Novice: 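Pasting in a structure now, in structure tokens, and then I'll have a few things to ask.
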Number of protein chains: 2
Amino acid sequence: MFSLNFIIYLIKIIFLRNKNRRELPSTETYIPNLAYDSVIFGFNGEQLRILILEYHNTGLFALPGGFVKRNESVDDAVKRGLYERTGLDNIYLEQFHTFGDVSRMVPEAMQTILEANGYEIEAGNWLLDRFISVAYYALINYDEVTPVPDQLSDSINWYAVDTLPPLMMDHQQIVEKALQNLRDNLETKLVGMNLLPPLFTMKQLQKVYEAVLGEKLRRSSFQRKILGMDILIRHDKLFMGKAHKAPYLYSFVKNKAGILNPAQT
Amino acid sequence: MFSLNFIIYLIKIIFLRNKNRRELPSTETYIPNLAYDSVIFGFNGEQLRILILEYHNTGLFALPGGFVKRNESVDDAVKRGLYERTGLDNIYLEQFHTFGDVSRMVPEAMQTILEANGYEIEAGNWLLDRFISVAYYALINYDEVTPVPDQLSDSINWYAVDTLPPLMMDHQQIVEKALQNLRDNLETKLVGMNLLPPLFTMKQLQKVYEAVLGEKLRRSSFQRKILGMDILIRHDKLFMGKAHKAPYLYSFVKNKAGILNPAQT
DNA sequence: TATTATTGTAACAAATTGAGACAATAAAGA
DNA sequence: TCTTTATTGTCTCAATTTGTTACAATAATA
């Protein structure tokens, strides 16, 4: 009567329908008009990169974001989102600005995204309303992470901060403000600690500084300054099989009085 | 039949009833769960002070705050509030943090305040719900302002930052964070420009710096540093009738390239 | 005319940063 | 085994910035 392929086709349709026809988030669980966006920085050894996601079938690129539950702090909402996307707990997080312009209301964008994912959304739904967004940046160890796309997005990928795809809404400005804050905090907040693996060479640390600042630094001044801060512990040398003197490995002193402990907002 | 005094008394009652029985703000005009708080700094020549208001008949001290209209940016909401309270337009404003903890939900406080003002409020009203608050600090010229209390508050007064009354909820923490941000921005954002009158002496400027930093500075280093920044214009001397050399008056260069223009968020 | 308090600036020392140089050294090649 | 190569750790000296003290200039007063 029916071919096997047709049956499989039907099952697929039903399955996908069920998957996509799931309930939209509601204001019973989430606070209306409030969202967060996260600029997740990683360092690949050369460049400073951030995680950008692309929504299914829309060509829209965006920062990872989400909503805040009614019984959850904004910080926790961001941590939850980061955990879902990176699998990492205890990420270094810094809130840097809240974006509250009226021009942030772009219902077409949300509508496109939801419809491309098979949701039906009626006019007046809270998701199409205006959103105030609290923006955070996160610093993570690039190598420890395999980012996973969420329900609505095709992909989540690393992009160098100076060659981002065109981002939706005001996300480009959010990234710029994040970068500016990261630069301002570079000296005081020991940014390197969170972008590098536990053991690293002086050269790697310098590369992080250069990538964040976007300029070359002098090797000897840099070394003198960092060592003078008394925040590094020197370990054994790292023999990389290269034809030159081997560099020392370093780690950051933990809980240096007054100065930052990681994973703290 | 009735004495004139009695008539006047009746009129007063009716007038006050109308004044107090006015509609509570509703979520038709305001965004729910979102508020702002403002830390308004002024400098009286010696101390750094902030504006604190006291609610009628409650003994509760608080930062001036308010809600955000649905068709208004958060920045504009704050400007509106500042204008109502200080009469000043074009105030220097800086957003510094958004407070989003769940522990910020203290419905008793709002209930006390509203009831003390003769409002009836039923359980479930949005004003008793949780609020996320975007916090700003403002810098104003102390002498130009006569603060006016709002509808709910008895008084609005200047307090030195180191002798504040006990503030409600987390407002003490908000002040501390504001101060910390003000200190961090002191060098880069030309804070003095906004806390002093247009013409001022070097000593006055130094006093501002000392009040913000909470420490004494050396006169000659300070003078050399500030003059070296090329941000001041020297004017005529100020003769104060004192038995010593008269100081020069200075003003800030406007629109110094790269560096700040005032009244900009 | 001397006295007083405060101002503007110079002068020198101390500390920090910039720029270059040099010896040490891990691996590769002769 | 001895050079060669590229890079590292550190030192030196100059340039710049900051800390500290000193001193002359000067409005009003006695």
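From a predicted model like this one, the values you see are computed outputs, not experimental measurements. Excluded from the calculations below are hydrogen atoms, water molecules and symmetry mates; all remaining heavy atoms, backbone and side chain alike, are included. Order of the sequence lines fixes the chain letters, A, B, ..., with proteins taken first and strands second; residue numbering starts at 1 for each chain.
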Novice: What is the distance, rounded to the nearest whole Å, between atom NZ of Lys242(B) and atom P of dA30(D)?
Specialist: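 After rounding, the reported distance stands at 14 Å.
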
Novice: Should the ring pair Phe96(A) and Tyr137(A) be called parallel, tilted or perpendicular, given that the plane angle runs from 0 to 90° and is split at 30 and 60?
Specialist: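 The arrangement is tilted - the two ring planes meet at 30° to 60°.
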
Novice: Is any side-chain N or O of Arg218(B) closer than 4.0 Å to OP1 or OP2 of dG19(D)?
Specialist: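 No, no such contact exists.
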
Novice: Is there a donor and acceptor pair, one atom on the side chain of Arg224(A) and one on the base of dG18(C), closer than 3.5 Å?
Specialist: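 Such a pair exists between side chain and base.
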
Novice: Rounded to whole angstrom units, what separation is found between the CG atom of Asp236(A) and the P atom of dA26(C)?
Specialist: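 It works out to 12 Å between those atoms.
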
Novice: When the nearest nucleotide of DNA chain C is assigned to Leu227(B) and to Ser221(A) on a heavy-atom basis, which residue is associated with the more 5' position?
Specialist: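 Nearer the 5' end of the strand: Leu227(B).
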
Novice: Calculate the interatomic distance between Ile226(B) atom CD1 and dT18(D) atom P; express it in whole Å.
Specialist: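 Nearest whole value for this atom pair: 11 Å.
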
Novice: Are Tyr92(A) and Tyr136(A) an aromatic pair by the rule of ring centers under 6.0 Å?
Specialist: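 Centroid separation for Tyr92(A) and Tyr136(A): 6.0 Å or greater.
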
Novice: Nearest to the side chain of Met202(A), which nucleotide is it out of dA28(C), dG9(D), dT25(C)?
Specialist: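 In terms of side-chain proximity for Met202(A), the closest of dA28(C), dG9(D), dT25(C) is dG9(D).
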
Novice: Quick check: any donor-acceptor pair below 3.5 Å linking the side-chain of Arg219(A) to the base of dG20(C)?
Specialist: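 No, no donor-acceptor pair under 3.5 Å.
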
Novice: To the nearest angstrom, how far is Leu205(B) atom CG from dT6(C) atom C1'?
Specialist: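 After rounding, the reported distance stands at 17 Å.
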
Novice: Take the protein atom CG of Leu238(A) and the nucleotide atom P of dT7(D), then report the distance between them rounded to whole Å.
Specialist: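 Roughly 14 Å, once rounded to whole Å.
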
Novice: So Tyr142(B) and Trp158(B), would you call those rings parallel, tilted or perpendicular, with 30° and 60° as cut-offs?
Specialist: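 Aromatic pair Tyr142(B)/Trp158(B) classed tilted.
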
Novice: Just checking Lys225(B): base, sugar-phosphate only, or nothing, at a heavy-atom cut-off of under 4.0 Å?
Specialist: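 The answer is nothing, as Lys225(B) stays clear of every strand by at least 4.0 Å.
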
Novice: Go through dA27(C), dT6(C), dT20(D) for me and flag the one nearest to the Lys245(B) side chain.
Specialist: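 It is dT6(C).
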
Novice: Take the protein atom CZ of Arg234(B) and the nucleotide atom C1' of dT7(C), then report the distance between them rounded to whole Å.
Specialist: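 Going from Arg234(B) (CZ) to dT7(C) (C1'), I get 10 Å.
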
Novice: Counting heavy atoms from C-beta on, name the nucleotide in dT7(D), dT7(C), dT17(C) closest to the side chain of Pro247(B).
Specialist: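 Of all the options, the side chain of Pro247(B) is nearest to dT7(C).
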
Novice: Between Gln172(B), Gln180(B), Gln173(B), which is the residue that forms a side-chain hydrogen bond (donor to acceptor under 3.5 Å, both in side chains) with Glu176(B)?
Specialist: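 The side-chain hydrogen bond (donor to acceptor under 3.5 Å, both in side chains) with Glu176(B) is passed solely by Gln172(B) among Gln172(B), Gln180(B), Gln173(B).
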
Novice: Whole angstrom is fine here: how far is it from NE2 in His244(A) over to P in dG29(C)?
Specialist: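 Rounding to the nearest Å, NE2 of His244(A) and P of dG29(C) are 14 Å apart.
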
Novice: With the side chain of Ser220(B) defined as its heavy atoms from C-beta on, choose the nearest nucleotide among dT21(D), dG8(C), dG9(D).
Specialist: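 Between dT21(D), dG8(C), dG9(D), the one nearest the side chain of Ser220(B) would be dT21(D).
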
Novice: For Ala246(B) and Phe239(A), find the nucleotide of DNA chain C closest to each by heavy atoms; which residue's nucleotide sits nearer the 5' end?
Specialist: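 The residue whose closest nucleotide sits nearer the 5' end is Ala246(B).
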
Novice: Testing Leu205(A), Leu199(A), Asn194(A) one by one against Phe252(A) for a side chain to side chain contact (heavy atoms under 4.5 Å, CB included), which residue passes?
Specialist: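 Between Phe252(A) and the candidates, side chain to side chain contact (heavy atoms under 4.5 Å, CB included) is satisfied uniquely by Leu205(A).
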
Novice: Find the distance Leu217(A):CG to dG18(C):P and express it as a whole number of Å.
Specialist: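 Rounded to whole Å, this separation is 9 Å.
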
Novice: Counting only side-chain N and O atoms of Lys203(B), is one of them less than 4.0 Å from OP1 or OP2 of dT7(C)?
Specialist: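 Yes, Lys203(B) has a side-chain N/O under 4.0 Å of OP1/OP2 on dT7(C).
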
